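The structure appears below as structure tokens.
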Amino acid sequence: MVNFSLEGKIALITGASYGIGFAIATAYAEAGATIVFNDINQELVDKGLAAYKEKGIDAHGYVCDVTDENAVNDFIAKIEKEIGVIDILVNNAGIIKRIPMIEMKADEFRQVIDVDLVGPFIVSKAVIPGMIRKGHGKIINICSMMSELGRETVSAYAAAKGGLKMLTRNICSEYGEYNIQCNGIGPGYIETPQTAPLRERQPDGSRHPFDAFIVAKTPAARWGTTEDLKGPAVFLASDASNFVNGHILYVDGGILAYIGKQPS
């Protein structure tokens, strides 16, 4: 029987107070894992703890900035002391700034790269020694369709997510021999509170223009949901994927496979 169980595993999901990270952490808890998460401030951590409690999940929440290497090292050491050595890491924390490239300041570009690419490097670097000692580990990076595609106003985000795809492959290359699998998930356009305004019906009852654009570009003809990400995330964290390494699993309803409809 294929083993999708995460029983007895300790999973750290960064930035998982809400949204995609919260959904993945919930799926891991349902599969038997102990959940650890962080966020940038205590308010978000408290919000996350309340949300997990509401679902009957006894999660462990910490304040930590993933771009601060010293803080991350202290954070990982604290988890190992208080809970145990991490088996599963999901690098989910991320930001996006939608600014046309020629209007974007270099500091704004660097901030996106710092959170979305340097952060996963720092956290992965901190957990890998424990995984080597334990003899196994799973690292899952939350990539994006922007790991493959460009789009107006997201130059920093696309650069970061393209880099994250290659960091994923390099962690696989460097640490696969230690029974560490590093893969990525590339979500398509997902229904979250953040994207809700883009899906609101217009006063005349028609779709929001961006909603219509996404549905037309997606062979599944719908937005994804956070539920759509749970199965792939559990697969990549479980023993079912022990010979899957350096792979980016796009959960996008087929957008990347599709050139789009010919205009009528």
Side-chain angles (χ1 to χ4, degrees), residues 13-16 18-24 27 90-101 104 109 111-121 139-172 182-199 207-237 241 244-262:
I13 304 93
T14 66
Y18 59 92
I20 287 172
F22 179 80
I24 289 173
V90 181
N91 283 309
N92 168 74
I95 61 169
I96 187 168
K97 289 181 181 290
R98 293 182 177 89
I99 305 170
M101 182 175 164
M104 191 174 212
F109 187 92
Q111 185 187 8
V112 175
I113 298 294
D114 212 23
V115 176
D116 293 3
L117 180 56
V118 181
F121 164 77
I139 298 173
I140 298 156
N141 292 322
I142 302 303
C143 295
S144 166
M145 290 187 301
M146 300 301 110
S147 298
E148 302 289 344
L149 299 172
R151 192 166 180 274
E152 63 275 10
T153 77
V154 294
S155 58
Y157 185 79
K161 293 298 186 177
L164 188 58
K165 174 182 73 174
M166 294 311 301
L167 178 63
T168 300
R169 292 176 176 173
N170 205 79
I171 292 171
C172 155
C182 182
N183 294 289
I185 293 177
Y189 285 90
I190 305 296
E191 290 182 0
T192 65
Q194 287 73 29
T195 61
L198 300 174
R199 288 177 279 105
R207 289 183 181 272
H208 187 290
F210 191 79
D211 182 20
F213 166 69
I214 292 305
V215 171
K217 286 291 291 180
T218 306
R222 67 174 177 87
W223 288 63
T225 68
T226 53
E227 289 292 317
D228 291 319
L229 297 170
K230 288 184 172 183
V234 169
F235 165 65
L236 291 177
S241 62
V244 179
N245 211 351
H247 177 73
I248 313 299
L249 176 52
Y250 290 101
V251 186
D252 67 353
I255 288 180
L256 287 172
Y258 185 46
I259 197 170
K261 292 179 181 177
Q262 180 177 331

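The structure displayed is predicted, hence computed values, not measured ones. Values below: every heavy atom of this structure, side chains too, minus hydrogens, waters and symmetry copies. Along the sequence shown, residues carry numbers from 1.
Between Arg169 and Gly246, the shortest heavy-atom distance links the atoms CG-O, 3.6 Å. Residues Cys172 and Asn245 share a closest heavy-atom pair of CB-OD1, 3.3 Å. The heavy-atom pair separating Gly188 from Met145 by the smallest distance is CA-CE, 3.8 Å. Annotation for Pro232 and Val251: closest pair CG-CG2, 3.9 Å, computed over non-hydrogen atoms. Closest approach of Pro120 to Val115, counting heavy atoms only: CD-O, 3.4 Å. Scanning both residues, Pro219 and Gly253, for their nearest heavy atoms gives CD-O, 3.4 Å.
Residue Asn141 holds its CG atom at 12.5 Å from CZ of Phe121, rounded to the nearest 0.5 Å. Put simply, OG1 on Thr225 and NZ on Lys230 are 9.0 Å apart, with the number rounded to the nearest 0.5 Å. Met104 contributes atom CE, which lies 7.0 Å from atom NZ of Lys97 (distance to the nearest 0.5 angstrom). Distance check: Ile214 CD1 to Arg222 CZ gives 13.5 Å after rounding to the nearest 0.5 Å. The structure places OH of Tyr258 at 7.5 Å from NZ of Lys217, a figure rounded to the nearest 0.5 Å.
Remark: the backbone N or O of Ile20 is not paired with any side-chain donor or acceptor of Thr226 at under 3.5 angstrom. In this structure, the side chain of Asp252 does not engage the main chain of Pro187 through any donor-acceptor pair within 3.5 Å. Asp116 places a side-chain N or O within donor-acceptor distance of the main-chain N or O of Ile95, the cut-off being under 3.5 Å. Judged by distance alone, with hydrogens and angles left aside, the side-chain atoms of Thr218 form no donor-acceptor pair with the main-chain N or O of Ala220 at under 3.5 Å. Side chain of Ser241 to main chain of Phe235: a donor-acceptor pair is present (N/O by atom type, distance under 3.5 Å, no hydrogens or angles). Using a distance-only test at 3.5 Å, with no hydrogens or angles considered, no donor-acceptor pair links the side chain of Asn183 to the main chain of Ile248. For Asn92 (side chain) and Gly15 (main-chain N/O), a donor-acceptor pair under 3.5 Å exists by modelled atom type. No donor-acceptor distance shorter than 3.5 angstrom exists from the side chain of Thr192 to the backbone of Gly19, with no hydrogens or angles considered.
Taking the charged nitrogens against the carboxylate oxygens, Glu148 and Lys165 do have a contact shorter than 4.0 Å, which makes a salt bridge.
The closest side-chain heavy-atom distance from Asn91 to Leu164 is not below 4.5 Å. Taking the side chain as every heavy atom from C-beta outward, Asp228 and Ile190 never approach each other to under 4.5 Å.
Around CZ of Arg98, the count of heavy atoms belonging to other residues, nucleotides or ligands within 6.0 Å does not exceed 12.
When the options His208, Arg207, Glu191 are evaluated for a side-chain contact (heavy atoms from CB on, under 4.5 Å) with Arg199, the one that passes is Glu191.
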Test ring-ring contact (aromatic ring centres under 6.0 Å, His included) on Phe213 and Tyr189 and set out the steps.
CA-CA 11 Å; Phe213 166 69; Tyr189 285 90; 7.6 Å; no
Are Ile142 and Ile24 close enough, and set up right, to give a side-chain contact (heavy atoms from CB on, under 4.5 Å), and what steps lead you there?
CA-CA 11 Å; Ile142 302 303; Ile24 289 173; 3.8 Å; yes
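In terms of the ring-ring contact (aromatic ring centres under 6.0 Å, His included) criterion, Tyr18 has no residue partners (sequence neighbours excluded).
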